Amino acid sequence: MKSGRFINIPVVLSGVLLVLCITITGCRGGKTEQKSAPAGEFTEADSTLLFNGKTLEGWEITNFGPQGPVYVSGGKIILGMGDGCTGITFQKDFPEIDYEVTLEAMRVEGTDFFCGMTFPVGKDPCTLIIGGWGGTVVGLSSIDGKDASENETTRYMNFEKNRWYAIKLKVTTGLIEAWIDDEKVVDLQITGRKLSVRPEVGLSRPFGIASWCTAAALRNIKVHKIAGN
């Protein structure tokens, strides 16, 4: 074998492949960067964060009239106690069917609902009430004109102050489902039913969250578009 330059072909090829990997995928430290969907844009694969933890970007303070103060503090949206509803309404695009909403909510002060989530079901509105009518009622308002306190979704639960509750709502064709923590609290077939909202939360449409004579905190609000049935 003659002395001189010796080229290790497998090593060279490995180096070329590594450069191509870095150039094409933009991987850093062996991990490929992933970009999350911008607020207000929905994809089949990604959950969209509706609250950035810093500002009310994408939301409007709902002008109920006698509402309390609304502001962001410590990564939370604070709904101050008002003389009636206090809340926020989402101002960007929102799906009408085949979606899931998740969030965490907390009752800070007061004894009524700390999460009244108004949402679309196709072209019709409905509201999921958490802790209403004196603090314990959970259900949908309204079904065939009957409120959350008087239809088949009515149930009673105790809620502690200053404790986070994980809430999940799922809306698909003909069905509304909801969970608090890991407990399923709503499972309603809605084909042929009339959905509506009480006048007090009408300004929350199409998607909004409110409290009633109660101070509340909200965080980690997300929507996830799911495949249709």
Side-chain angles (χ1 to χ4, degrees), residues 42 47-48 50-51 59-60 62-64 67 79 84-105 112-157 159 165-181 183-214 216 218 221-226 228-229:
F42 304 95
S47 293
T48 300
L50 302 186
F51 169 51
W59 297 88
E60 180 178 80
T62 315
N63 188 22
F64 289 115
Q67 71 266 12
L79 305 180
C85 278
T86 300
I88 52 175
T89 303
F90 195 58
Q91 296 297 297
K92 296 185 178 182
D93 180 42
F94 196 87
E96 293 183 343
I97 202 73
D98 294 326
Y99 64 89
E100 292 178 351
V101 175
T102 57
L103 73 151
E104 293 175 272
D112 218 290
F113 69 77
F114 59 99
C115 179
M117 180 165 50
T118 297
F119 57 94
V121 185
K123 299 300 181 182
D124 298 320
C126 195
T127 303
L128 174 64
I129 296 293
I130 308 293
W133 278 266
T136 59
V137 168
V138 173
L140 296 176
S141 278
S142 298
I143 307 298
D144 297 330
K146 295 182 179 180
D147 295 333
S149 62
E150 57 183 10
N151 61 50
E152 63 262 51
T153 67
T154 304
R155 61 186 299 156
Y156 301 92
M157 300 178 67
F159 296 99
Y165 290 90
I167 298 167
K168 176 180 173 182
L169 170 76
K170 184 176 181 180
V171 178
T172 53
T173 302
L175 183 65
I176 300 174
E177 300 168 277
W179 293 258
I180 299 176
D181 292 334
E183 182 177 356
K184 194 169 193 178
V185 295
V186 173
D187 189 355
L188 182 68
Q189 296 285 341
I190 55 173
T191 302
R193 311 298 295 272
K194 180 182 178 181
L195 306 180
S196 61
V197 296
R198 288 177 59 98
E200 293 89 340
V201 297
L203 293 177
S204 294
R205 295 176 296 176
F207 180 75
I209 306 169
S211 63
W212 176 265
C213 296
T214 294
L218 310 169
I221 309 170
K222 299 178 183 179
V223 68
H224 177 70
K225 193 77 170 67
I226 57 180
N229 296 327

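Here the structure is a predicted model, which means the values were calculated and not measured.
- For the atom pair CD1 (Ile176) and CZ (Phe119), the distance works out to 4.0 Å, reported to the nearest 0.5 Å.
- Between Glu152 and Arg193 there is a salt bridge, since at least one side-chain N of the basic residue sits less than 4.0 Å from a carboxylate O of the acidic one.
- The CE atom of Met157 sits 7.5 Å away from the CD1 atom of Ile130 when rounded to the nearest 0.5 Å.
- How far SG of Cys85 is from CD1 of Ile209: 12.5 Å, rounded to the nearest 0.5 Å.
- If you take CZ on Phe51 and CD1 on Ile221, they are separated by 6.5 Å, rounding to the nearest 0.5 Å.
- Salt-bridge check for Lys225 with Asp98: failed, with every basic side-chain N at 4.0 Å or more from each acidic carboxylate O.
- Between Tyr165 and Phe114, the ring-plane angle classifies as tilted under the 30° and 60° cut-offs.
- Side-chain contact of Ser141 with Thr127: a donor-acceptor pair under 3.5 Å is absent, judged by distance alone.
- Here CD1 of Ile180 is found 13.5 Å from NZ of Lys168. Values are rounded to the nearest 0.5 Å.
- Annotation: side chain to side chain donor-acceptor pair (under 3.5 Å) contacts of Thr89 (sequence neighbours excluded): Thr62.
- Salt-bridge check for Glu104 with Lys222: failed, with every basic side-chain N at 4.0 Å or more from each acidic carboxylate O.
- A side-chain donor-acceptor contact under 3.5 Å links Asn151 and Thr153.
- Of all non-hydrogen atoms in Trp133 and Ala148, the two that sit nearest each other are CZ3-CB, 3.9 Å.
- Here the side chain of Trp59 pairs a donor or acceptor atom with the backbone of Leu50 at under 3.5 angstrom.
- Between the side chain of Asp112 and the main chain of Trp212, no donor-acceptor pair closer than 3.5 Å is present.
- Thr214 is linked by a side chain to side chain donor-acceptor pair (under 3.5 Å) to nothing, counting only residues two or more places apart in sequence or in another chain.
- Distance check, rounded to the nearest 0.5 Å: CZ of Phe207 to CD of Gln91 gives 12.5 Å.
- Looking at residues two or more places apart in sequence or on another chain, you find no ring-ring contact (aromatic ring centres under 6.0 Å, His included) involving Phe64.
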